[in-house]
Amino acid sequence: MTSNNIENVNKTKKIAILFLLILLFLIILVFSIANTMTKDRRMPSLQITKKELAVRGNIVSSDNFKIASSKKLYKASIDTRFLDLNKKELFLKLFSIYSDIPYNKVKRKVDESINDHPGYLVLSYNVDARTAKNLKELGFKLRRLKVFKAREIGGGRVLQGLNIIESGEKRIYSYNNTLTPVVGYIRKFESENGKTKVKGIKGLEKKYNALLNKTEDGILEGNRDVLSYISFDKNSIIKKREDGAKLVLNIPLKLQKNIEMILDNYKEKLSAQEIIVSVMNSKTGKILSLASSNRFNPESIKQEDIPSLNVSAIEYQFEPGSVVKPIAMALVIDKKRVKRDELFFAYNDNGRPNSKGEYRRGRYKIDRFYIKDDHQFKKHYLTLDDIIMYSSNIGLLQIIQRLKGAEIYEGYKRFGFTRKTGIDLPYEKVGEIPPIYKLAAGEDKKQDNVFKATVSYGQGMTATFMQLLKAYSVFNNNGYSVTPKIVSYLQMDNKRYKPEEIHKEKVISTIAAKQLKRMLVKTVKYGTGKAADMDELEIGGKTGTANIARGGNYQKEYISSFFGFANDKKDNSYTIGVTVIKPNSTGKHWYYYYASQSAVPIFREIVKNLISLNYLTPKKDIISNKN
């Protein structure tokens, strides 16, 4: 074959090979295009949606301090499979600085993930809003520094860096144990979308849980731009987040904290188990303070706090003792079964008077029981005022026998016993009084009834602190009782909603109420409540010292109370209650268990605080202001 022929054959082969290569390339290209067209691809969505987590509503004092509030929490996470191990140290140092989480703690988590189970790792669940913003900025910097590397996943390259997302909310109690246990506490739970939320378990948090948690997350939805931000147009969706209802209380923070300080001091002085105090507007029922010496921090509940979690003012039932005497007296006066100038024998005529001119304590027998007085008198006959002023059991038991059992039962119910007070707190107890058939025993034979006698001075029955406070508002409000209310209003959707209005209830006649009010003022001026008296204010009240019953027997443990009112000439009118549970009754200061030595001095301190904070204005101050 000639050289020309050989050269032509070679050219033909080269052309054929080139043609085959081009054909092969075209086949590969067509296959690739077809595969791309038919295969499900992980294309970024043209639409982007972002949600903004709404949080539980705030609880705010009347002077606008946040008692309880919620803040959003964010979760910081990475996937350790994407972390460039050559730049791990850089990541650890920067994340520790930006997050304020100790370097060693971050390093331990990352190393454990890399060594034991590479993959998704949560670095923190409790990142606050400001730190979250800083960490998001760090995330962009880490990408530019190539701290994270893309990986082949499912036929495509994927890059995951530092991820910051909303993880839930945290409840904050700015003033620690202030207003507990009334404000209550919460418990965490996981919502349907995996966010950490909270729900109320006790106190106001429980009572208003549904409204506090009535939230709607915010939504931003629109087209995605090249930087993965939302590009807003007329088709975009913008919905502002709506947090839960805000509870605005009738209680001012300053007054509450002042009273709590008083209780803390007296609890130590009296060695008491607990002291309860409340101040209520006598005309409206607004609670200005509901305080306990036994409080806890809702953010950090410890084992020793468990007994303090209940609101004793509505959940602790006890025999109230002599503070019930004005109520029994009021029922008799209201039924007009006693004359104002009538006298009652004190059953103290045996023996001669002592050096002070006082006769021995009276004794009165009903059935097989002897009922005694705690005070000695310089006379044998007592007026109605004497019976209340000096807390005579014998005088009152004679008066109460003039009422039928059904009248006593219904009268005590009108005053609020065996009924809920209506206060806006959950788990309220109602106490008990003897049934009608026991109170009515012997009526047909006109015999004295021991059940009538004991309930007249607060034994053989139980009540709560709040029931007594509500009952005493009757004497300071012309015979009407009011419903105690802690919450002033709720705010939702920029609108205010008042709690349900409850009409005043007529309990006794205005005449009867005024007579008892006068007696209670005299009790403070001249009787067992002298230590509560203050010039230029109208103050009235009644002491009560009751044994604690346990297992059917009375113990040498006591509950001391003083319930009353304080009014000024500017029409400010408050019903105030003080109850001291188990004050010291032994040793050098054994006498602290008397209400006159424990509850009454606390009452006086409360009134002084009301004056200093301008809730009460003594008459002399009014005169000086006019001048």
Side-chain angles (χ1 to χ4, degrees), residues 25 28-29 31-33 35-37 39-53 71-170 190 193-196 220 222-231:
F25 174 77
I28 293 172
L29 179 63
F31 178 80
S32 177
I33 293 173
N35 184 60
T36 302
M37 292 176 64
K39 183 180 179 181
D40 291 334
R41 292 174 297 164
R42 300 178 64 180
M43 294 286 289
S45 173
L46 297 178
Q47 287 274 322
I48 184 172
T49 301
K50 290 186 178 180
K51 288 188 176 182
E52 184 182 15
L53 184 70
K71 70 175 184 179
K72 284 196 289 187
L73 294 178
Y74 295 79
K75 178 169 63 178
S77 63
I78 61 171
D79 190 319
T80 52
R81 293 173 297 179
F82 294 86
L83 180 62
D84 187 341
L85 298 183
N86 294 322
K87 296 181 179 180
K88 182 186 76 171
E89 193 65 24
L90 175 63
F91 168 76
L92 294 174
K93 288 181 178 179
L94 289 175
F95 184 83
S96 177
I97 293 170
Y98 275 75
S99 66
D100 200 29
I101 299 175
Y103 168 86
N104 290 335
K105 185 176 181 180
V106 180
K107 184 177 187 303
R108 184 174 65 253
K109 284 188 174 184
V110 172
D111 286 346
E112 286 178 357
S113 175
I114 292 173
N115 297 328
D116 300 334
H117 41 79
Y120 181 71
L121 172 65
V122 176
L123 297 168
S124 176
Y125 285 98
N126 298 306
V127 178
D128 60 38
R130 177 179 294 182
T131 305
K133 181 180 179 181
N134 294 335
L135 289 175
K136 286 178 181 178
E137 293 178 1
L138 175 62
F140 287 114
K141 293 177 182 179
L142 294 174
R143 282 177 179 251
R144 289 199 299 269
L145 293 171
K146 297 183 179 180
V147 172
F148 296 94
K149 298 186 299 183
R151 298 180 71 243
E152 290 284 344
I153 298 178
R157 292 182 64 79
V158 178
L159 176 62
Q160 291 187 18
L162 178 61
N163 193 25
I164 309 297
I165 62 171
E166 293 174 337
S167 63
E169 64 178 299
K170 180 181 180 181
E190 291 296 315
N193 58 4
K195 306 296 184 184
T196 300
L220 297 176
N223 292 323
R224 181 196 298 268
D225 63 17
V226 293
L227 295 176
S228 293
Y229 291 112
I230 297 176
S231 177

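The basis for the numbers below is simple: all heavy atoms, side chains too, and nothing from hydrogens, waters or symmetry mates. Throughout, numbering of the chain's residues begins at 1 and tracks the sequence. All values derive from a computational prediction rather than experimental measurement.
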Evaluate side chain to side chain contact (heavy atoms under 4.5 Å, CB included) for Arg143 paired with Leu159, printing each intermediate quantity in order. CA-CA 9 Å; Arg143 282 177 179 251; Leu159 176 62; 3.8 Å; yes
Lys195 side chain vs Glu166 backbone, donor-acceptor pair below 3.5 Å: yes
Taken to the nearest 0.5 Å, the spacing of Asn134 CG from Tyr98 OH works out to 7.5 Å
Between Glu169 and Thr196, do the side chains contain a donor N or O and an acceptor N or O under 3.5 Å apart? no
Are any side-chain N or O atoms of Gln160 and backbone N or O atoms of Asp79, one a donor and one an acceptor, separated by less than 3.5 Å? no
Sort and list the pairs that fulfil ring-ring contact (aromatic ring centres under 6.0 Å, His included) and have at least one residue in residues 117-139, not counting sequence neighbours. none
Between atom CD of Glu89 and atom CG of Leu94, what is the distance when rounded to the nearest 0.5 Å? 10.5 Å
Is any side-chain heavy atom of Leu123 closer than 4.5 Å to one of Val110? yes
Euclidean distance, Leu92 CG relative to Ile97 CD1, rounded to 0.5 Å: 11.0 Å
In Å and rounded to the nearest 0.5 Å, what is the CG to CG distance from Leu142 to Leu90? 7.0 Å
Report yes if the side chains of Val158 and Arg151 come closer than 4.5 Å at any heavy-atom pair, otherwise no. no
State whether the side chain of Ser96 and the backbone N or O of Ile101 hold a donor-acceptor pair below 3.5 Å, judged by distance alone. yes
Exercise: identify the closest heavy-atom pair between Phe95 and Leu138: CA-CD2, 3.9 Å
Tightest non-hydrogen contact, residues Gly119 and Arg81, listed as CA-NE, 3.7 Å
Short side-chain to backbone donor-acceptor contact, Ser124 and Ala76, under 3.5 Å: no
Of all pairs that satisfy salt bridge (charged side-chain N to carboxylate O under 4.0 Å, His left out), the ones with a partner from residues 132-142, not counting sequence neighbours: none
For Leu162 and Leu135, work out which heavy atoms get closest and say how close. CD2-O, 3.6 Å
Qualifying salt bridge (charged side-chain N to carboxylate O under 4.0 Å, His left out) pairs, either residue in residues 107-131, two or more places apart: Lys88-Asp111, Lys107-Asp111
If you compare all heavy atoms of Ser77 against all heavy atoms of Val122, which two are closest, and at what distance to 0.1 Å? CB-CA, 4.1 Å
Residue pair Ile78 / Phe91, side-chain heavy-atom distance below 4.5 Å: yes
Any non-hydrogen side-chain atom of Lys170 less than 4.5 Å from a side-chain atom of Asn126? no
Identify the two heavy atoms, one from Ser99 and one from Thr131, that lie closest to each other, and give their separation to 0.1 Å. CA-CG2, 3.8 Å
4.5 Å side-chain heavy-atom contact, Asp84 and Phe148: no
